[in-house]
Amino acid sequence: MLNKYARAFFTRVLTPFAALLLRLGVSPDAVTLIGTAGVMAGALVFFPMGEFFWGTIVITIFVFSDLVDGNMARQAGISSRWGAFLDSTLDRVADGAIFGGLALWYAGNGDDNVMCAVAIFCLASGQVVSYTKARGESIGLPVAVNGLVERAERLVISLVAAGLSGLHKFGVPGIQILLPIALWIVAVGSLVTLVQRVVTVRRESAEADAAEAAAADRGSGAAQ
Ligand SMILES: CCCCCCCC/C=C\CCCCCCCC(=O)OC[C@H](COP(=O)(O)O[C@@H]1[C@H](O)[C@H](OP(=O)(O)O)[C@@H](O)[C@H](O)[C@H]1O)OC(=O)CCCCCCC/C=C\CCCCCCCC
Ligand SMILES: Nc1ccn([C@@H]2O[C@H](COP(=O)(O)O)[C@@H](O)[C@H]2O)c(=O)n1
Ligand SMILES: [Mg+2]
Ligand SMILES: [Mg+2]
């Protein structure tokens, strides 16, 4: 949903910045790489220490690189298969760092085995949700469904909650409850999305196989 409705807004807002980077001689690949490194640093340095506010600030600054890199490539007319591969692959790395950082907090001083397991589930299910689309498309199917909770939703729900939970350290009472609530929402939402995508791939593959069998039948009928 965010991908559909918010992308146009962010494209308008980020286009001048993307143009500036191109004028400065920065490449889209460099933005992809630096953005991922920044997200990883924010997530793996701050989250395991329970510094959710500062971690979220650092991650938020760098995560928008994922919208800037493609914008730069399109403006410069240099969108490429390599760029698409690099972008999607490093998305998985960044997501692994964010949910891994949260899991490390709960496994350590956060001391909550259930929430550690929920964070690991968010990490794994998010990766599988993305894989269903990539694999479905690689076997020639349209995978014409995005589902309830795409990557943008996973990130926005988790990061808004993490940032707000971090305000606990600044004296806001009770607010840290938002992070576990958000992780449960992302976990359940990712599971629903996974089922939506698997059901779609199952239907599309059955339709494609039936169409192929019908075409083969017509071919052998014509040969007789
Ligand atoms: C005192 C308050 C403290 C709070 C501190 C600040 C809080 C800020 C919190 C959050 C900000 C989060 C911003 C997250 C922005 C995410 C941007 C992003 O990365 O979007 C990527 C997404 C997809 O891009 P791609 O096409 O490159 O990716 C494809 C996709 O990932 C597929 O994944 P799948 O769904 O299949 O799993 C992959 O299959 C594919 O491989 C991959 O290539 O881009 C978009 O979706 C575009 C829309 C972005 C919408 C961003 C909305 C941000 C909205 C609000 C943030 C501000 C909230 C402020 C809250 C303040 C709280 C007090
Ligand atoms: N280094 C890059 C990054 C991205 N691309 C192209 O942009 C598409 C992704 O667009 P986003 O707005 O989601 O970033 C991607 O599929 C590539 O076509 C690129 O060429 N090089
Ligand atoms: Mg991108
Ligand atoms: Mg991306």
Side-chain angles (χ1 to χ4, degrees), residues 1-44 47 55-102 122-160 162 186 189-190 193-194 196-197:
M1 231 167 60
L2 280 175
N3 202 11
K4 195 167 163 192
Y5 296 109
R7 187 181 270 278
F9 169 77
F10 280 102
T11 298
R12 264 202 312 281
V13 171
L14 294 172
T15 291
F17 180 60
L20 174 69
L21 290 178
L22 284 170
R23 277 201 300 280
L24 293 172
V26 180
S27 73
D29 285 2
V31 170
T32 310
L33 288 164
I34 292 168
T36 306
V39 170
M40 288 177 71
L44 294 175
F47 282 178
T56 305
I57 295 290
V58 173
I59 292 168
T60 302
I61 291 168
F62 284 98
V63 84
F64 279 100
S65 65
D66 191 21
L67 294 167
V68 173
D69 54 4
N71 188 321
M72 289 170 70
R74 286 185 287 277
Q75 279 193 57
I78 52 171
S79 294
S80 63
R81 286 187 179 82
W82 162 250
F85 172 83
L86 185 70
D87 183 305
S88 290
T89 302
L90 293 190
D91 283 352
R92 307 289 83 80
V93 174
D95 294 357
I98 291 171
F99 291 105
L102 294 172
C122 289
L123 193 167
S125 58
Q127 307 279 5
V128 177
V129 161
S130 299
Y131 179 79
T132 54
K133 195 152 202 129
R135 185 67 179 125
E137 287 172 353
S138 81
I139 53 174
L141 301 173
V143 197
V145 63
N146 288 321
L148 186 65
V149 177
E150 293 178 79
R151 178 166 187 255
E153 283 83 7
R154 293 198 295 275
L155 292 182
V156 170
I157 294 169
S158 309
L159 291 176
V160 169
V186 171
S190 298
T193 309
L194 182 57
Q196 287 176 299
R197 290 192 183 187

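As the structure lists them, so they are numbered: ligands from 1, and atoms in each ligand from 1.
In this structure, Met72 has no heavy atom closer than 4.0 Å to ligand 2. A heavy-atom separation below 4.0 Å is not found between Arg81 and ligand 2.
Applying the 4.0 Å criterion to heavy atoms of Ala84 picks out, from ligand 2, the atoms 15 (C), 16 (O), 17 (C). The distance from ligand 2 to the heavy atoms of Thr32 drops below 4.0 Å at these ligand atoms: 1 (N), 2 (C), 3 (C). Near Ala73, the atoms of ligand 2 lying under 4.0 angstrom from a non-hydrogen atom of the residue are 5 (N), 19 (C), 20 (O). Listed by number with element, the atoms of ligand 2 under 4.0 Å from a non-hydrogen atom of Ser79 are 18 (O), 20 (O). Each of the following atoms of ligand 2 lies closer than 4.0 Å to a heavy atom of Asp69: 3 (C), 14 (O).
Among all heavy-atom pairs drawn from Ala19 and Gln75, the shortest one is CB-OE1, 3.4 Å. Scanning all heavy atoms of the two residues, the minimum distance from Arg154 to Val129 falls at NH1-CG1, 3.8 Å. Among all heavy-atom pairs drawn from Gly189 and Val149, the shortest one is CA-CG2, 3.6 Å.
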**Study point:** Intermediate values then yes/no, side chain to side chain contact (heavy atoms under 4.5 Å, CB included), Val63 and Asp66
**Key:** CA-CA 6 Å; Val63 84; Asp66 191 21; 5.5 Å; no
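Among the candidates Gln196, Lys133, Met1, Arg151, the single residue satisfying the side chain to side chain contact (heavy atoms under 4.5 Å, CB included) test with Asn146 is Lys133.
Restricting Asp87 to its N/O/S atoms, the shortest distance to the Mg ion (ligand 3) is reached by OD2.
By the 3.5 Å distance cut-off applied to N or O atoms, Asn71 is not counted among the residues near ligand 2.
Rounded to the nearest 0.5 Å, atoms CZ (Phe64) and CG (Leu155) are 9.5 Å apart. The distance from atom CG of Asp29 to atom OG of Ser80, rounded to the nearest 0.5 Å, is 6.5 Å.
Counting only distance, with no hydrogens or angles, the side chain of Glu150 and the backbone of Leu2 share no donor-acceptor pair below 3.5 Å.
Among the atoms of Asp69, none of the N, O or S atoms falls under 2.8 Å from the Mg ion (ligand 4). Metal site remark for the Mg ion (ligand 3): Asp91 contributes no N, O or S atom at a distance under 2.8 Å.
Of the heavy atoms in Asp29, both backbone and side-chain atoms come closer than 4.0 Å to ligand 2.
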